[in-house]
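Keep in mind that the numbers below use all heavy atoms, side chains included, and drop hydrogens, waters and symmetry copies. Each chain gets a letter, A, B and so on, in the order its sequence line appears, and its residues count up from 1.
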2 protein chains.
Amino acid sequence: MTEDRRKFIRQGEEARREALIAAALSLMAESGPEAATVRAIADRAGVTAGLIRHYFDGKDELMLAAYGRIMGRMTENSLAAIAHVGDGAEARLAGFVAASLRPPVMDPDAMGLWAGFLHLVRRDARIRAVHRATYLEYRDQLQRLIAALPRQADARQLRADAIACNGVIDGLWLEGSALPDAFDEGELVTIGLQAVGAILGLDLAAHLPPPFTDEPAPPETRTE
Amino acid sequence: MTEDRRKFIRQGEEARREALIAAALSLMAESGPEAATVRAIADRAGVTAGLIRHYFDGKDELMLAAYGRIMGRMTENSLAAIAHVGDGAEARLAGFVAASLRPPVMDPDAMGLWAGFLHLVRRDARIRAVHRATYLEYRDQLQRLIAALPRQADARQLRADAIACNGVIDGLWLEGSALPDAFDEGELVTIGLQAVGAILGLDLAAHLPPPFTDEPAPPETRTE
DNA sequence: TCCAAAACTATACGCTTGCATAAATACTAT
DNA sequence: ATAGTATTTATGCAAGCGTATAGTTTTGGA
């Protein structure tokens, strides 16, 4: 009764770090980078602000960890779509492209997050390193899928094709995420498949994967 | 001698507004959105902070004006490259694509600026309107160039082609701006022309425009 | 059972932000 | 020459920022 100090239960390093990262990402996705203050993050994570400094050397460290988490998740989401597709290189590539142009990868919140971090890329060397690694990893995945296609191409051509296809996907992802209602349902998937197919000399649209996977609806990016 | 108050000369609305917009853009390009504080902007424009409120209703208004300025300029820069190209629709399209993938359009500073504003797109309706208008205007320009090509395509196909080509350009622009040293000199121009050509069924690379225009070197985006 | 270590809270400090307000200056019209 | 007005400076304020630090609670092992 003296002073009702907040009750709490210990949760340990792993859980708290994850909770703080998730809180930072959700705030940033909703309301932009400037909304992700230490107080707001702590509040959403159900702790007080001081705890951030207990688990991270500072806010910058938390943001760096959060960036790594979200970027990795986006590549994972694209890859997960083709994990169980076994029937041919073309189908796998088509699945990868389509997954990148559909939720939860193509998503306004995801783009808000990505944009919020992007401007940090130029100032913070460690953020830049994460960006570079993520971009190259994604492109390598794509290049591997392209290399598996039944066609002949030397290393130089393979690199150029991967860069071009990655460009199409990135550009369409960006525009579809930024202006969701400027495109019809599934329009960007079709366009993306046609474009990638044209670049590689294939008819990828023929492999148009089913619009729904086994999951009913993945509504949010931000939920863990 | 009493108190050395700062000397000044009157410059009038037009000049001051432009100076403040230019200052805001240059700060943002250099060091990100959070560096563009009212004090820093005023300082760079050679005035004191209070003047911003005299010419704009608030900082948000200044940022909105600045966003309109930079986005318009980027489309202009792409269009300027083909203003004096008269020999054929393919050559004009090739010039447009190439210009979008070279300085001053493709440029780390320009991308920093673009990214800095992008996350405002989701919160501020007026910023979003500018974004939408700029994107659609750019795409319409591209679509007009595509429509002028000697080939047959219905309206639906024309729209899809424009979206796809715009996607390639945007994606390559983004990656080349974000990671300039990940690509060879001129590599993205070549890849972009090949990709757009493949999508449209042309050999655009044959029209590869000269690497230099009549200007010696446009070094900076941020200078007016 | 109790005690030491770790987890967590609470508070305050210094700094920066955008903005309001009031005073001073430079220019223009007369 | 001078008065008037728009332009510009100067100053202060309330709010919010990240962080440092000290104190309190929980927890698990001796």
Separation of [N] [atom2] from [X] [atom1] (nearest whole Å):
X: B:Leu20; N: D:dT8; atom1: CG; atom2: C1'; value: 12 Å
X: B:Arg53; N: D:dA10; atom1: CZ; atom2: C1'; value: 16 Å
X: A:Glu13; N: D:dT27; atom1: CD; atom2: P; value: 18 Å
X: A:Gln11; N: C:dC8; atom1: CD; atom2: P; value: 7 Å
X: A:His54; N: D:dT19; atom1: NE2; atom2: P; value: 16 Å
X: B:Ile52; N: D:dA10; atom1: CD1; atom2: C1'; value: 15 Å
X: B:Ile41; N: D:dT8; atom1: CD1; atom2: P; value: 17 Å
X: A:Leu51; N: C:dT9; atom1: CG; atom2: C1'; value: 9 Å

Upstream residue (5' side of DNA chain C) when B:Arg6 and B:Asp60 are each assigned their closest nucleotide: B:Asp60
First encountered from the 5' end of DNA chain C, between A:Phe8 and B:Ala49: A:Phe8
Gap separating the CD1 atom of A:Ile52 from the CZ atom of A:Arg16, nearest 0.5 angstrom: 12.0 Å
Extract from the structure each pairing of a protein N or O with an N or O of nucleotides 16-18 of chain D at less than 3.5 Å, listing the distance.
residue: D:dG18; atom: OP1; partner: A:Lys59; partner atom: NZ; Å: 2.7
residue: D:dG18; atom: OP2; partner: A:Val38; partner atom: N; Å: 2.8
residue: D:dG18; atom: N7; partner: A:Arg39; partner atom: NH1; Å: 2.9
residue: D:dG18; atom: O6; partner: A:Arg39; partner atom: NH2; Å: 2.9

base_contact_polar (D:dT9 base, B:Arg5 side chain, donor-acceptor, <3.5 Å): yes
Per B:Arg16 side chain, nearest of listed nucleotides C:dC8, D:dT8, C:dT9: D:dT8
Sugar-phosphate only, base, or nothing, as touched by B:Phe56 at under 4.0 Å among non-hydrogen atoms: nothing
Sugar-phosphate only, base, or nothing, as touched by B:Ile9 at under 4.0 Å among non-hydrogen atoms: sugar-phosphate
side-chain hydrogen bond (donor to acceptor under 3.5 Å, both in side chains) partners for B:Gln11, two or more places apart: none
Partners passing side-chain hydrogen bond (donor to acceptor under 3.5 Å, both in side chains) against B:Arg123 (at least two apart in sequence or in another chain): A:Glu34
Any pair counted as ring pair (Phe, Tyr, Trp, His ring centres under 6.0 Å), so long as it reaches residues 19-71 of chain B, sequence neighbours left out: B:Tyr67-B:Phe117
Shortest non-hydrogen separation from B:His119 to A:Pro33 and the atoms involved: CD2-CD, 3.3 Å
Pairs where residues 158-175 of chain B contributes a residue and the test side chain to side chain donor-acceptor pair (under 3.5 Å) is met, not counting sequence neighbours: A:Glu187-B:Arg159, B:Arg151-B:Asp161, B:Gln157-B:Asp161
Using residues 136-147 of chain A as the side-chain source, report each donor-acceptor pair under 3.5 Å to any protein atom, sequence neighbours left out, with the distance given to one decimal.
residue: A:Tyr138; atom: OH; partner: A:Ser100; partner atom: OG; Å: 2.7
residue: A:Arg139; atom: NH1; partner: A:Tyr135; partner atom: OH; Å: 3.0

